[in-house]
Amino acid sequence: MDTGDRMALPLWWVPLLPVLLIVVTAGVVAVDEAAAARARGAREGLLGSAVVPLREGARLLVGQRRRTVAADSVLWRIGGATLPVAALLAAAVVPLGSRPVADLTDGVVWFNAMEVLAWAAVWMVGWGANSALSLVGGYRFVAQGLAYELPHMFALITAALAAGSLRVTDIVAAQQDLWFVVIMPVAFVAYLVSAVAMAFWGPFDAAVGRDLAGGAAAELSGVDRLVFAGGRWLLLVVAVAMAVPLFLGGGAGPWLPAWGWVAVKAGALLTSVLWLRRRFPTVRMDRFTEVSWVVLVPLTVAQALVVALVVLGRGM
Amino acid sequence: MLADVSFWVLGIVAVLSGFAVFRLNSMARVTFALLASFLAVAGLVVLLGLGYLGVVTALMMVIEMVVMAVFMIMYMMNPAGLMPMSMYHNKAGSMAISVGTFAVLAVGILLTDWPVRRGVPAPAQTYQLGLALMGGQMLTMMTLGVTLFATIVATVVLSTGRGRYDRYGDDLAAPRADDPAGGGVG
């Protein structure tokens, strides 16, 4: 591929990216845990919450891996491992300040391709365990992914359309005067909602819902659960953080360095997403698939049309 | 050097996982073996310098294979899918056709006297591709798109058991649709 590393970070960032991402994600988990502790009235303190991801990770690492009868272990394990790998590969094109680890010419398409790997991953995890509840969870996620991929794609494409480029750094550069969230608010909201749905998070977590005793993740324990749950957190953080270069002007802002603004904006978006999750119960599958097909898809198409007219009017 | 190694690794993965489709006996594994083969081919397309086409192939194939998995397992004789079964009929015939096609194509590639490249690829390849597809062929593509969409709508309308008169009554006057499973917008 024409990697065109016009603005890519130096090569030694490649091994650093997973470490950075895992540390940031652990921080997000800790904040989420602190909020949960406050909500249930426990006095945990910030330090107490900060050790939760470490403690939980260590516990799962030494925990026994569950085996089920006639499991398809190949697909089961591959599926679990795909989730964090896909999130990391998607993160490669997200600018960590003003520059991403890989500045691909087709960054937006690459990002989306890595995101949809999660479908295959969750379905394989649900299938592999040879357990009815986890299989139902896997199928639920396929239906959810299908319903939310289209608005997600339209939102991504609308940002690329306004910038006239599929390269993420070009999209950031195109927002120097005006953040895209201003000219395409519908695409921004649709992107956030569908990003949360693609990471089966928040109110869209029916695939691993309590009514299925954990759904696709029902039979996971020990290191398998760590990889799956960690991968799901990573996917959420990466998908939400991508909204910053797409709609919020990337690292643009006064006083702080670019990476500081990316962190602030991504942190604000993540906070609102996590708040949404605590605020709303899981939405039923039959309800939200219809909302996606009947409401979100036409809205995002109309948004793309409006942006296309603006671009044409500008004479690009 | 790196390109050579990538080419051989991806090529071998593509052929082996394609062949695994015939060897594996679980519908789910067959689906994902095929997906692995497609992803390796997508990698080869990227290696050719066609970044957009390669990545879009990967994107479409992942979506397609996951949907395929659902339908293949839904329509096969053994719905649970965990019992061993092969995914093809006419084992000898299909094997002969695929291996034969592969051999013919490979021999053709090796025997052809390929021309040497003159000039350099265009700088903005994705843009050029879009121009080639949509520039002169805009009318064709628009007709194609509308035709495909009309086909999808017509197929759904013909295959659905319940139309709008079932949902909203004979004079379409019911305030809420009468659906067996309620949706989010009624």
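Below, all heavy atoms of this structure are taken into account, side chains as well, without hydrogens, waters or symmetry copies.
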Notebook entry, point to check: Side chain, backbone, both or neither: which part of B:Val67 has an atom under 4.5 Å from a heavy atom of chain A?
Noted result: side chain
Margin query: Exactly one of A:Tyr191, A:Trp119, A:Phe204 should register a ring-ring contact (aromatic ring centres under 6.0 Å, His included) with A:His152. Which one does?
Written below: A:Tyr191
Item checked: Within residues 111-118 of chain A, residues adjacent to chain B where the heavy-atom gap is under 4.5 Å -> A:Asn112, A:Ala113, A:Val116, A:Leu117
Next item on the list: Classify the ring geometry between A:Phe200 and A:Phe228 as parallel (under 30°), tilted (30 to 60°) or perpendicular (over 60°).
Entry: tilted
Item checked: Donor-acceptor side-chain pairing of A:Asn130 and A:Thr68 below 3.5 angstrom -> no
Note to self: Please rank B:Met65, B:Met60, B:Arg29 by heavy-atom pairs under 4.5 Å with chain A and give me the top one.
What the structure shows: B:Arg29
Item checked: Check: A:Ala216 main-chain N/O paired with A:Ser134 side-chain donor or acceptor under 3.5 Å -> no
Margin query: Between A:Val142 and chain B, with a heavy-atom cut-off of 4.5 Å, which part of the residue counts as in contact: side chain, backbone, both or neither?
Written below: side chain
Next item on the list: Heavy-atom distances under 4.5 Å only: say whether A:Ile78 touches chain B with side chain, backbone, both or neither.
Entry: neither
Note to self: Could you walk me through whether A:Glu149 and A:Phe154 satisfy the side chain to side chain contact (heavy atoms under 4.5 Å, CB included) test, starting with their C-alpha distance in whole Å, then the side-chain angles of each, then the deciding distance to 0.1 Å, before giving a yes or no?
What the structure shows: CA-CA 9 Å; A:Glu149 169 63 13; A:Phe154 280 123; over 6 Å; no
Notebook entry, point to check: Do A:Arg77 side-chain atoms and A:Val125 backbone N/O form a donor-acceptor pair below 3.5 Å?
Noted result: no
Notebook entry, point to check: Contact part of B:Val70 toward chain A, heavy-atom cut-off under 4.5 Å: side chain, backbone, both or neither?
Noted result: both
Margin query: Using side chain to side chain contact (heavy atoms under 4.5 Å, CB included), reason through A:Trp13 and A:Arg99 one step at a time and then give a plain yes or no.
Written below: CA-CA 11 Å; A:Trp13 268 92; A:Arg99 300 158 72 189; over 6 Å; no
Notebook entry, point to check: Heavy-atom distance under 4.5 Å to chain B: side chain of A:Met285, backbone, both or neither?
Noted result: neither
Check: Would you call B:Arg164 and B:Asp170 a salt bridge, taking side-chain N to carboxylate O under 4.0 Å as the test?
Finding: no
Margin query: Tell me whether the rings of A:Trp123 and A:Tyr139 are parallel (<30°), tilted (30 to 60°) or perpendicular (>60°).
Written below: perpendicular
